[in-house]
Amino acid sequence: KQEVTQIPAALSVPEGENLVLNCSFTDSAIYNLQWFRQDPGKGLTSLLLIQSSQREQTSGRLNASLDKSSGRSTLYIAASQPGDSATYLCAPNSGGSNYKLTFGKGTLLTVNP
Amino acid sequence: NAGVMQNPRHLVRRRGQEARLRCSPMKGHSHVYWYRQLPEEGLKFMVYLQKENIIDESGMPKERFSAEFPKEGPSILRIQQVVRGDSAAYFCASSLLLAGTEETQYFGPGTRLLVL
């Protein structure tokens, strides 16, 4: 059974700082892993998808890495902005399926102006 | 292209009533997934449907819960005889192809169900 842990649970940083969010998962037999952001009372926005064969993926100020064998992924946010404040969720596949996402509880990020 | 639509956004029911949650996938998407987020918990997979077929309902409670995705119209998640423990946010996602190595799931805004 896939279990996902995200550390830290909450993070508060001043604007402009670079930061790293961590995700670990127990079942390394994944097809891909997605990072999402969730704003209060809203749905999930997909940020990055890393295939199991990839080591990292970049989109703008975001960079996600994947170490499948050790069951770890990180999301690096460069030059953080107040608009980045949200909950960030890590979601690998689980159960040998290529569609069933397992989510962590997320990291609540606050970027202070 | 409109995103995944869910309605209602908020739903209040008394214990024993029925709750019907609707999800319209993105245009052209024929794969729908339902997830539930209990308070203080991560999202949990419930069911995966294609048009007129339930493909995987391994995450759905065996009783009181059902889902459908008819040929025409939205996908429906139905909860009969709701209990307080059903209070949660229910999210729908859709994908163009079977979500796999390259295909992402696009999520709707969710329906927040409160059972009194």
Side-chain angles (χ1 to χ4, degrees), chain A residues 1-7 9-10 21 23-27 29-54 57 59 62 64 66 68 86-108, chain B residues 2-10 21 23-26 29-50 54-60 88-114:
Chain A
K1 179 186 173 187
Q2 183 72 280
E3 294 183 3
V4 179
T5 303
Q6 290 189 245
I7 295 172
L21 307 180
C23 169
S24 61
F25 48 94
T26 55
D27 182 359
I30 64 172
Y31 287 84
N32 61 47
L33 181 146
Q34 289 183 238
W35 281 92
F36 294 87
R37 70 174 278 169
Q38 183 175 23
D39 293 279
K42 300 204 176 162
L44 280 66
T45 302
S46 180
L47 298 172
L48 288 164
L49 181 150
I50 312 181
Q51 298 178 41
S52 61
S53 59
Q54 296 178 313
Q57 190 71 258
S59 176
L62 305 179
L66 175 64
K68 183 180 159 184
T87 297
Y88 288 81
L89 301 170
C90 164
N93 310 115
S94 67
S97 83
N98 59 358
Y99 55 84
K100 193 181 300 183
L101 299 179
T102 297
F103 287 82
K105 292 185 180 179
T107 293
L108 176 59
Chain B
V4 178
M5 311 281 283
Q6 290 188 249
N7 66 82
R9 295 289 304 276
H10 300 273
L21 287 62
C23 168
S24 296
M26 287 180 69
H29 287 194
S30 59
H31 300 267
V32 166
Y33 317 83
W34 285 93
Y35 292 80
R36 177 167 68 172
Q37 186 175 32
L38 293 168
E40 308 302 322
E41 296 290 329
L43 279 78
K44 297 281 196 293
F45 169 84
M46 297 181 74
V47 61
Y48 159 43
L49 309 104
Q50 293 180 28
I54 296 174
I55 306 302
D56 182 349
E57 56 183 351
S58 59
M60 198 127 82
Y90 291 83
F91 291 95
C92 168
S94 72
S95 67
L96 179 61
L97 303 172
L98 176 60
T101 57
E102 297 183 7
E103 186 66 23
T104 194
Q105 295 182 23
Y106 296 89
F107 280 76
T111 294
R112 273 113 187 122
L113 172 66
L114 175 63

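Naming: A, B, ... by sequence-line order, numbering from 1 per chain. Not measured: the values here are computed from a predicted model.
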(request) State which residues pass salt bridge (charged side-chain N to carboxylate O under 4.0 Å, His left out) with B/Arg36; sequence neighbours excluded, sorted by chain then number. (result)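 Scan of B/Arg36 (salt bridge (charged side-chain N to carboxylate O under 4.0 Å, His left out), adjacent residues dropped) gives none.
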(message) Taking side chain as everything from C-beta outward and backbone as N, CA, C, O, which of these in B/Tyr35 sits under 4.5 Å from a heavy atom of chain A? Side chain, backbone, both or neither.
(response) side chain
(request) Give, as side chain, backbone, both or neither, the part of B/Gln6 having an atom under 4.5 angstrom from any heavy atom of chain A. (result) neither
(message) Can you list everything that forms a side chain to side chain contact (heavy atoms under 4.5 Å, CB included) with B/Ser24? Sequence neighbours excluded, please.
(response)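 Testing B/Ser24 for side chain to side chain contact (heavy atoms under 4.5 Å, CB included), a comparison that skips the adjacent residues, returns B/Met5, B/Pro74.
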(message) As an exercise: rank B/Gly42, B/Pro109, B/Ser58 by heavy-atom pairs under 4.5 Å with chain A and give me the winner.
(response)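 Highest number of pairs under 4.5 Å: B/Pro109.
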For a quick test of reading the model, state the closest non-hydrogen atom pair linking [X] to [Y] and the distance between them.
X: B/Phe45; Y: A/Leu101; answer: CB-O, 4.1 Å
X: B/Phe107; Y: A/Leu44; answer: CB-O, 3.7 Å
X: B/Glu41; Y: A/Lys105; answer: OE1-CE, 4.0 Å
X: B/Gln105; Y: A/Gln34; answer: N-OE1, 3.7 Å

(message) Evaluate B/Tyr33 against A/Lys100 for side-chain contact (heavy atoms from CB on, under 4.5 Å), listing each step before the verdict.
(response) CA-CA 9 Å; B/Tyr33 317 83; A/Lys100 193 181 300 183; over 6 Å; no
(request) Using non-hydrogen atoms and a 4.5 Å limit, figure out which bit of A/Leu89 sits close to chain B: side chain, backbone, both or neither. (result) side chain
(request) Let me know if A/Gln38 has heavy atoms under 4.5 Å from chain B in its side chain, its backbone, both or neither. (result) side chain
(message) Nearest 0.5 angstrom please: B/Asp56 CG to A/Tyr99 OH, how far?
(response) 3.0 Å
(message) Surrounding OH of A/Tyr88 (heavy atoms of other residues, nucleotides or ligands, distance under 6.0 Å), is the total greater than 12?
(response)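 Above 12, so yes.
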